[in-house]
Amino acid sequence: MLPLVTKNLGFKVNGAILINDLSMTLDADGVSVVMGPNGAGKSVLLRLLHGLMEPTSGTIRWAGQAPDEWLRRRQAMMFQRPILLRRSVRANMDFALRQRARGNQREKIDALLGHVGLKDLAERPARRLSGGEQQRLALARALALEPEVLFMDEPAASLDPASTVTIETVVRELKESGTKVVFVTHDVAQARRIADDIVFLHRGRLLEQSDAVTFFEQPSSSEARQYLDGKIII
């Protein structure tokens, strides 16, 4: 399914350019972290790669193949604000499994919920969970799909420390199991902990793409240096 290659990728709405002539390659291995200031286009890029939006110019290719429904079904995506059904935790999990025609697999659901620390809350209405618990449910639901690529759009933003640790631990496990993770975060410390490579955006453009060590120790652009120093860049 990988590598993923974009060529001259562009996306604009009502004349506003959100992604501008972006060409890059994401390899099959590791955790790619997408960083950049507010409005850089990080979330838009993930939605384009996952097929939730169509580019207005350029191309996206998965191992040379144009995106289609079959490819999308081999991916999963987590959003900053989870989208949950008005049902129990278990029912949310069961729905995800049924989407892949796997039926009701109670043991698998229990194992996944246990993995993210939610097994004891299986019968609770999902929307009564705390923010951190909801995001852990969203993670378990994504894992139920057994994706080859998992897109994660600031999944740990504003979460409690325990939920953040759970998410980062699972990210490392996914990496070890061969699942590709593309992870958006504003948290530089978090990026240092989990990233193998960095994609740095500014104003919809790709300014840098390098291994994480190089990016954090020797960023090549002034914008990246300012960003890492905690300065607001415009």
Side-chain angles (χ1 to χ4, degrees), residues 1-13 18-19 21-34 41-85 87 91-109 111-112 115-116 135 137-155 167 170-184 196-197 199 201 206 209:
M1 185 174 182
L2 291 162
L4 183 153
V5 178
T6 71
K7 185 175 182 181
N8 305 123
L9 188 66
F11 184 78
K12 61 182 179 180
V13 177
L18 305 183
I19 296 293
D21 196 32
L22 195 155
S23 297
M24 69 174 186
T25 298
L26 294 182
D27 294 328
D29 299 320
V31 179
S32 295
V33 171
V34 183
K42 303 181 295 297
S43 295
V44 174
L45 177 60
L46 253 64
R47 284 161 173 76
L48 290 170
L49 298 181
H50 189 40
L52 297 179
M53 300 189 304
E54 294 290 332
T56 51
S57 60
T59 59
I60 299 171
R61 294 291 183 268
W62 293 87
Q65 181 177 342
D68 58 20
E69 184 59 28
W70 181 74
L71 283 171
R72 292 188 187 101
R73 287 175 64 84
R74 297 165 68 185
Q75 309 167 21
M77 183 162 178
M78 284 182 64
F79 300 90
Q80 183 175 349
R81 293 180 178 83
I83 301 170
L84 302 176
L85 301 176
R87 303 178 187 174
N92 270 265
M93 294 294 296
D94 186 55
F95 179 80
L97 288 170
R98 288 179 184 275
Q99 294 299 99
R100 294 298 172 90
R102 291 170 180 157
N104 186 349
Q105 297 189 32
R106 189 178 184 90
E107 289 186 2
K108 182 169 185 177
I109 289 172
L112 286 167
H115 194 52
V116 299
Q135 196 62 291
L137 172 56
L139 176 58
R141 197 170 56 179
L143 295 178
L145 302 178
E146 300 179 2
E148 295 180 34
V149 180
L150 177 58
F151 295 106
M152 307 179 79
D153 189 2
E154 296 195 69
I167 288 171
V170 172
V171 166
R172 294 187 189 97
E173 292 171 351
L174 288 169
K175 170 186 170 180
E176 293 301 318
S177 70
T179 299
K180 177 68 178 183
V181 177
V182 185
F183 193 108
V184 169
D196 293 298
D197 60 279
V199 174
L201 304 183
L206 175 64
Q209 183 180 13

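Quick note: numbers below take in every heavy atom, side chains included, and nothing from hydrogens, waters or symmetry partners.
In summary, Asp196 and Lys175 engage in a salt bridge, as defined by a charged side-chain N under 4.0 Å from a carboxylate O.
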Practice item. Please test Leu137 against Val116 for side-chain contact (heavy atoms from CB on, under 4.5 Å), starting from the C-alpha separation and ending with a verdict. Key: CA-CA 7 Å; Leu137 172 56; Val116 299; over 6 Å; no

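Smallest separation of non-hydrogen atoms from Met78 and Ala142: CG-CB, 4.2 Å. Between Pro67 and Arg72 the shortest heavy-atom distance is CB-NH2, 4.2 Å. Considering all non-hydrogen atoms of both residues, Leu143 and Leu112 come closest at CB-CD2, 3.9 Å. Taking both residues in full, the closest heavy atoms of Leu26 and Ser32 are given as CD2-OG, 3.7 Å, listed atom of the first, atom of the second, then distance.
Between the side chain of Gln75 and the backbone N or O of Val149 there is no donor-acceptor pair closer than 3.5 Å. Here the side chain of Asp153 pairs no donor or acceptor atom with the backbone of Val184 at under 3.5 angstrom. Judged purely by atom type and a 3.5 angstrom limit, Arg47 uses its side chain to pair as donor or acceptor with the backbone of Ser43. The backbone N or O of Val5 lies less than 3.5 Å from no partner atom in the side chain of Thr25, so there is not a single donor-acceptor pair.
Contacts classified as salt bridge (Lys or Arg N to Asp or Glu O under 4.0 Å) and involving residues 21-30 (residues at least two apart or in different chains) are not found.
With rounding to the nearest 0.5 angstrom, the CZ atom of Phe151 is 5.0 Å from the CG atom of Leu49. If you take NZ on Lys180 and CD on Glu148, they are separated by 13.5 Å, rounding to the nearest 0.5 Å. Rounded to the nearest 0.5 angstrom, Thr6 OG1 and Leu22 CG are separated by 5.0 Å. For the atom pair OG1 (Thr179) and CD (Glu173), the distance works out to 11.0 Å, reported to the nearest 0.5 Å. The distance from atom CZ of Arg141 to atom CD1 of Ile83, rounded to the nearest 0.5 Å, is 8.0 Å. Separation of atoms CG (Leu201) and CD (Gln209) is listed at 9.5 Å; rounding is to 0.5 Å.
Residue-environment remark: CD (Glu107) stays at or below the threshold of 12 foreign heavy atoms within 6.0 Å. Within 6.0 Å of the CZ atom in Arg81, the count of heavy atoms belonging to other residues, nucleotides or ligands does not exceed 12.
Residues Leu145 and Leu150 form no side-chain contact, since every pair of their non-hydrogen atoms from C-beta on lies 4.5 Å or further apart. Looking at heavy atoms from C-beta onward, Leu45 lies in side-chain contact with Leu9 at the 4.5 angstrom threshold. Taking 4.5 Å as the limit, some side-chain heavy atom of Phe183 sits within range of a side-chain heavy atom of Ile167.
A side-chain contact (heavy atoms from CB on, under 4.5 Å) with Met152 is found for one member of Val182, Leu46, Leu139 and no other, namely Leu139.
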Run the side-chain donor-acceptor check on residues 54-62: report pairs under 3.5 Å with partners two or more places apart or on a different chain.
residue : atom : partner : partner atom : Å
Thr56   : OG1  : Gly10   : O            : 3.2
Thr56   : OG1  : Lys12   : N            : 3.2
Ser57   : OG   : Gly10   : N            : 3.4

